[in-house]
Amino acid sequence: MDQNELKIPQHVAIIMDGNGRWAKKRHMPRTFGHAQGARVLEQTLEDCSDLGVKYLTVYAFSTENWARPFEEVQVIMNLFRDYLISAVDKCNRNNVRCMVIGERSRLSQDIIDSINNLENATKDNTGITFIVAINYGSRDEIVRAVNSISREVQEGNIQPGEITAETIEQYLDTRGIPDPDLLIRTSGEERLSNFLMWQLAYTEFYFTDTAWPDFDKNELLKAFEKYSSRDRRYGKVK
Ligand code: FPP
């Protein structure tokens, strides 16, 4: 495709799937795949930023992932620990604003502190916004939003019957962030797995058989090419 015809999505969301299978194929523990996945994620953030993407949201740990073997959960949490600390300087050097979505109270206190520190240290950066979903589930996010709205109604701040889609958006973890334009899921799986169900209402989906640890700039460009050829009508007739 001619570079001039390439449309760059403003907001890209990614379900980074296939780390475990990728490692198994190489006779390595699943956690080896997660470590490689973390490296690929850093490169993808850089590639998205270079190409002019404004928001990148990634599904790093779901509310369901706690059911994995304890050691695997621990390795993933340690990857977050390392990342959240090293990201402060890296994001500031590259003008990246970093945010975390998901329910935090189940995370270790040191991880919660690192998240708060990273968000605060990068909040004024004006380049790409990098959003990491940790202990995130769309149903959980919506349940938390409904509970918060109910409290506002009880306190008389919101009138019953006046709740709109905009009200609900204000209570989601993603408040203030435009909806994703493109969702990429790697490794051959074609489902949403409780990721951003409200926000993906009009998003274009792109599925690839490539496992997350093998994902690269070429794959990203393939997804953008496919996205460029789609006709987004938002339910209207053109
Ligand atoms: C999905 O592959 C991957 C995950 C559940 C973990 C994602 C985590 C990372 C990429 C690393 C760390 C992220 C940061 C922000 C540093 P899978 O394990 O479900 O693979 P499988 O389907 O082959 O089993």
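Computed over heavy atoms, backbone and side chain alike; hydrogens, waters and symmetry mates excluded. Quick caveat: nothing in here was measured; it's all calculated off a predicted structure.
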*Got a sec, which pairs hit ring-ring contact (aromatic ring centres under 6.0 Å, His included) with one end in residues 216-238, sequence neighbours left out?*
Tyr202-Tyr234
*Side-chain heavy-atom pair Glu71, Val75 within 4.5 angstrom cut-off*: no
*Starting from the C-alpha separation in whole Å, work towards a yes-or-no answer on salt bridge (Lys or Arg N to Asp or Glu O under 4.0 Å) for Glu219 and Lys222.*
CA-CA 5 Å; Glu219 291 284 339; Lys222 267 201 256 172; 3.6 Å; yes
*What distance do Ile184 atom CD1 and Thr186 atom OG1 have between them, rounded to the nearest 0.5 Å?*
9.0 Å
*Do you know which two heavy atoms are closest between Thr122 and Asn92, and how far apart they sit?*
CG2-OD1, 3.7 Å
*Glu141 side chain near Trp198 side chain, heavy-atom distance below 4.5 Å*: no
*Under 4.5 Å between side-chain heavy atoms, hopping through other hydrophobics if needed: is there a path connecting Ile76 to Ile15?*
no
_Strictly distance-based, threshold 3.5 Å: is any side-chain N or O of Gln10 a donor or acceptor partner for the main-chain N or O of Asp181?_
no
*asked:* So does Ser187 get a backbone contact from the side chain of Asp17, meaning a donor-acceptor N/O pair under 3.5 Å?
replied: no
_Holding to salt bridge (charged side-chain N to carboxylate O under 4.0 Å, His left out), I want the full list of residues that pass it with Arg97, two or more places apart in sequence or in another chain._
none
*Compare every heavy atom of Asp209 with every heavy atom of Gly188, then report the nearest pair and how far apart it is.*
CA-OD1, 3.4 Å
_Cluster overlap Val12 with Phe215, hydrophobic side-chain contacts below 4.5 Å_ = yes
*Check whether any side-chain heavy atom of Glu42 sits under 4.5 Å from a side-chain heavy atom of Tyr83, and report yes or no.*
yes
*Of all the heavy-atom pairs spanning Gly33 and Pro213, show the shortest one and how long it is.*
O-CG, 3.9 Å
*Might you work through the side chain to side chain donor-acceptor pair (under 3.5 Å) test for Gln109 and Asp113, ending with a clear yes or no?*
CA-CA 6 Å; Gln109 192 54 48; Asp113 293 344; 2.9 Å; yes
_Interatomic spacing from OG1 in Thr210 to CH2 in Trp22 - rounded to 0.5 Å_ = 13.0 Å
*Quick one: closest heavy-atom pair of Leu118 and Cys98, and the distance?*
CD2-SG, 3.5 Å
*For the atom pair CZ (Phe207) and CD (Glu189), what is the distance rounded to the nearest 0.5 Å?*
10.0 Å
*Same hydrophobic cluster for Met16 and Met77, using side-chain heavy-atom links shorter than 4.5 Å among ILVMFWY?*
yes
*Verify side-chain contact (heavy atoms from CB on, under 4.5 Å) between Val40 and Gln43, making sure each step is shown before the conclusion.*
CA-CA 5 Å; Val40 167; Gln43 185 58 49; 5.7 Å; no
*In Å, rounded to the nearest 0.5 Å, how long is the span from CD1 of Ile101 to CD1 of Ile131?*
6.5 Å
*Is it the case that Thr203 and Asp179 place a side-chain donor and acceptor less than 3.5 Å from each other?*
no
*salt bridge (charged side-chain N to carboxylate O under 4.0 Å, His left out) with Asp47: which residues, sequence neighbours excluded?*
none
*Using a 4.5 Å cut-off on heavy atoms from C-beta on, say whether the side chain of Val96 contacts that of Ser49.*
no
*Starting from the C-alpha separation in whole Å, work towards a yes-or-no answer on side-chain contact (heavy atoms from CB on, under 4.5 Å) for Thr63 and Arg139.*
CA-CA 10 Å; Thr63 47; Arg139 289 183 176 177; over 6 Å; no
*For atom CD of Glu5, decide whether the heavy atoms of other residues, nucleotides or ligands shown that lie under 6.0 angstrom number more than 12.*
yes
*Taking Asn194 for its side chain and Ser138 for its backbone only, find out whether a donor-acceptor pair lies under 3.5 Å.*
yes
*Is it true that a side-chain atom of Asn135 and a backbone atom of Gly102 form a donor plus acceptor pair closer than 3.5 Å?*
no
*Would a 4.5 Å heavy-atom cut-off, applied to side chains only, mark Ser193 and Arg185 as touching?*
yes
*side-chain contact (heavy atoms from CB on, under 4.5 Å) between Phe195 and Leu183, worked out*: CA-CA 10 Å; Phe195 191 44; Leu183 170 80; 4.0 Å; yes
*Just by modelled atom types, is the Lys90 backbone N or O under 3.5 Å from a matching donor or acceptor in the Asn94 side chain?*
yes
*For Lys217, look at atom NZ and say whether over 12 heavy atoms of other residues, nucleotides or ligands are found less than 6.0 Å away.*
yes
_Between CZ on residue Phe205 and CZ on residue Arg191, distance to nearest 0.5 Å_ = 13.5 Å
*Between Arg104 and Asn116, is a side-chain contact (heavy atoms from CB on, under 4.5 Å) present by the stated rule, with each step listed?*
CA-CA 10 Å; Arg104 291 188 194 178; Asn116 289 332; 3.0 Å; yes
*His11 and Tyr55 aromatic ring geometry - parallel, tilted or perpendicular at 30°/60° bounds*: tilted
*Taking atom types as modelled, find out whether Gln36 and Trp212 have a side-chain donor-acceptor pair closer than 3.5 angstrom.*
no
*Check the pair Arg81, Asn78 against side chain to side chain donor-acceptor pair (under 3.5 Å), reporting the backbone distance first and the verdict last.*
CA-CA 5 Å; Arg81 270 195 182 89; Asn78 283 335; 2.9 Å; yes
*Does Asp216 reach the main-chain N or O of Asn218 with its side chain, forming a donor-acceptor pair under 3.5 Å?*
yes
*Is the side chain of Arg175 donor-acceptor paired with the backbone N or O of Leu172 at a distance under 3.5 Å, no angle test?*
yes
*asked:* For a quick test of reading the model, state the closest non-hydrogen atom pair linking Leu45 to Ile128 and the distance between them.
replied: CD1-CG2, 3.9 Å
*Can you tell me how far the CZ atom of Phe61 sits from the CG atom of Leu79, to the nearest 0.5 Å?*
11.5 Å
*Taking all non-hydrogen atoms of both residues into account, name the closest pair between Leu182 and Pro9 and its distance.*
CD2-CG, 4.0 Å
*Is the shortest side-chain N to carboxylate O distance from Glu204 to Lys7 below 4.0 Å?*
no
*Does one hydrophobic cluster hold both Leu196 and Ile168, with members joined at side-chain heavy-atom distances below 4.5 Å?*
no
*Counting N and O atoms only, with roles assigned by atom type, does the side chain of Ser108 sit under 3.5 Å from a partner on the main chain of Asp110, one being a donor and the other an acceptor?*
no
*Met99, Ile111: one ILVMFWY side-chain cluster at the under-4.5 Å cut-off?*
no
*Given side chains that start at C-beta, do those of Phe130 and Val58 come closer than 4.5 Å, heavy atoms only?*
yes
